[in-house]
Amino acid sequence: MFYYIIALLIILLDQLTKWMVVHYMKLGESIQVIENLLYITSHRNRGAAWGILQGQMWFFYIITVIVMIGLVYYLEKEAKYNKLFGISIALMLGGAMGNFIDRVFRKEVVDFVNTYIFTYDFPIFNVADSALVIGVGLIMLHMLREEREAKKNQDG
Ligand SMILES: CCC[C@@H]1OC(=O)[C@@H](C)C[C@H](C)CCCCC(=O)CCC[C@@H](CC)/C=C/C=C(\COC)CC[C@@H](O)[C@@H](O)C[C@H](O)CNC1=O
């Protein structure tokens, strides 16, 4: 149950930030936060990461529903016994849901975090994307840790 609250908090934070960008900024408007590093730019994306698959909403609905069913399944089956794994699933669940809500109600995803990493203009993303990427990263950490433990047990 605790993990669903994390997912819910991610969804609320994601939707709140997107709502503020939509209501207080014009499309394309940019606010500098840290010069040459971080800007808040009001942006919309009808695709997935890097704008791939523009407008393929049905594809996104199907993929997102499959991803969320898989995440809930793992959360119920495995993650109850492992905090790190549970939190990463919850982050991904919240992130997937955040963008899913945009795709259903807005038919596009609101993005606003505009970072220039080493002058490369990284695609503009949002809280939901960050939760997804952090969740993916934590899952990899969890798998590495499990592998190391398994090896240690094997070596005796
Ligand atoms: C983060 C997943 C993208 C997110 O997937 C989702 O919603 C999921 C739940 C549903 C998708 C239809 C299915 C996964 C597609 C996988 C994918 O796309 C490859 C992901 C690579 C990833 C490594 C894990 C890199 C990171 C990229 C970015 C995020 O950097 C922080 C750039 C984000 C900007 O292009 C922004 O415009 C995107 C826009 O907000 C819509 N977001 C999505 O489609």
Side-chain angles (χ1 to χ4, degrees), residues 3-34 36-79 84-147:
Y3 299 116
Y4 292 109
I5 293 167
I6 295 181
L8 199 64
L9 288 177
I10 296 282
I11 295 170
L12 290 178
L13 181 67
D14 177 58
Q15 289 302 311
L16 177 70
T17 49
K18 286 172 176 174
W19 184 85
M20 281 163 60
V21 166
V22 169
H23 283 266
Y24 294 116
M25 290 178 74
K26 283 191 294 298
L27 191 57
E29 185 184 341
S30 190
I31 302 169
Q32 175 181 309
V33 178
I34 305 167
N36 295 332
L37 191 66
L38 179 64
Y39 297 76
I40 302 287
T41 309
S42 177
H43 179 261
R44 303 296 183 272
N45 181 352
R46 289 181 173 277
W50 286 285
I52 55 171
L53 302 164
Q54 282 292 325
Q56 311 295 326
M57 282 306 151
W58 281 107
F59 174 75
F60 296 140
Y61 298 151
I62 293 162
I63 290 269
T64 308
V65 168
I66 293 172
V67 162
M68 287 197 289
I69 290 169
L71 290 173
V72 169
Y73 171 75
Y74 267 104
L75 189 57
E76 290 304 315
K77 187 165 153 284
E78 304 252 338
L84 173 70
F85 189 42
I87 288 176
S88 35
I89 299 269
L91 286 174
M92 291 167 74
L93 205 51
M97 196 64 197
N99 283 337
F100 184 66
I101 292 169
D102 274 26
R103 290 187 168 118
V104 168
F105 295 106
R106 299 181 202 272
K107 297 287 179 268
E108 59 189 356
V109 179
V110 176
D111 291 318
F112 57 90
V113 180
N114 191 4
T115 52
Y116 289 82
I117 301 172
F118 316 120
T119 70
Y120 166 56
D121 184 2
F122 195 73
I124 306 176
F125 58 92
N126 55 39
V127 167
D129 296 331
S130 320
L132 274 162
V133 170
I134 293 167
V136 165
L138 287 180
I139 287 256
M140 287 190 220
L141 260 181
H142 163 76
M143 286 176 181
L144 275 175
R145 210 173 67 173
E146 277 225 317
E147 204 176 291

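Quick note: residue numbers are just sequence positions, from 1. Atoms within a ligand are numbered from 1 in the order they appear, just like the ligands themselves.
For Tyr74, the OH atom is loosely surrounded, since the number of other residues' heavy atoms within 6.0 Å does not exceed 12. Surrounding OH of Tyr61 are more than 12 heavy atoms belonging to other residues, nucleotides or ligands, all under 6.0 Å away.
Classification of the Phe85-His142 ring pair by plane angle, with boundaries at 30° and 60°, yields parallel.
Set against the non-hydrogen atoms of Phe60, the atoms of ligand 1 under 4.0 Å away are 12 (C). Close contacts of ligand 1 with Ile63, meaning ligand atoms under 4.0 Å from a residue heavy atom, involve 13 (C). Near Thr64, meaning under 4.0 Å from any of its heavy atoms, are these atoms of ligand 1: 10 (C). Close approach to Ala96 involves these atoms of ligand 1, each under 4.0 Å from a residue heavy atom: 9 (C). Close approach of ligand 1 to Asn126 (heavy-atom distance below 4.0 Å) involves ligand atoms 40 (O).
There is a protein heavy atom less than 4.0 angstrom from atom 41 (C) of ligand 1. Note that atom 13 (C) of ligand 1 has protein non-hydrogen atoms nearby, at separations under 4.0 angstrom.
Of the protein's non-hydrogen atoms, Phe122 CE2, 3.5 Å is the one closest to atom 30 (O) of ligand 1. Looking at atom 15 (C) of ligand 1, its nearest protein heavy atom turns out to be Ala48 CB, 4.4 Å. Here the heavy atom of the protein found nearest to atom 37 (O) of ligand 1 is Asp111 OD2, 2.6 Å. For atom 21 (C) of ligand 1, the closest heavy atom belonging to the protein is Trp50 CZ3, 4.1 Å. The shortest contact between atom 36 (C) of ligand 1 and any protein heavy atom is with Ile124 O, 3.2 Å. Counting protein heavy atoms only, atom 5 (O) of ligand 1 is closest to Leu132 CD1, 3.7 Å. Taking atom 19 (C) of ligand 1 as the reference point, the nearest protein heavy-atom neighbour is Ala49 CB, 3.8 Å.
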After noting the C-alpha distance and the side-chain angles of Ile89 and Tyr3, does the key distance pass the side-chain contact (heavy atoms from CB on, under 4.5 Å) rule?
CA-CA 8 Å; Ile89 299 269; Tyr3 299 116; over 6 Å; no

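Going from atom NZ of Lys77 over to atom CG of Leu75 covers 12.0 Å, rounded to the nearest 0.5 Å. For the atom pair Leu93 CG and Tyr4 OH, the distance stands at 7.0 Å (nearest 0.5 Å). To the nearest 0.5 angstrom, Ile10 atom CD1 is 12.0 Å from Gln15 atom CD. In this structure, CZ on Phe112 lies 3.5 Å from OG1 on Thr17, to the nearest 0.5 angstrom. Atom CG of Asn99 and atom OG1 of Thr64 lie 8.0 Å apart (nearest 0.5 Å). To the nearest 0.5 angstrom, Phe105 atom CZ is 8.5 Å from Phe100 atom CZ.
Considering backbone and side-chain N/O atoms, Asn45 comes within less than 3.5 Å of an N/O atom of ligand 1. Distances between N or O atoms of Asn99 and those of ligand 1 include at least one value under 3.5 Å.
Within the 4.0 Å heavy-atom shell around ligand 1 one does not find Phe100. Contact annotation: Val67 has no heavy atom less than 4.0 Å from any atom of ligand 1. Ligand 1 is never approached by Met92 to a heavy-atom distance shorter than 4.0 Å.
Under the 3.5 Å distance criterion, the side-chain polar atoms of Arg103 are matched with a main-chain donor or acceptor of Gly47. A distance-only check finds a donor-acceptor pair linking the side chain of Asp14 to the backbone of Ala128 [under 3.5 Å]. Under the 3.5 Å distance criterion, the side-chain polar atoms of Asn45 are matched with a main-chain donor or acceptor of Ala48.
One option in Asp129, Val133, Ile134 has a heavy atom closer to atom 4 (C) of ligand 1 than any other, and that option is Asp129.
Contacts between Arg103 and ligand 1 below 4.0 angstrom, taking non-hydrogen atoms only, involve the side chain exclusively.
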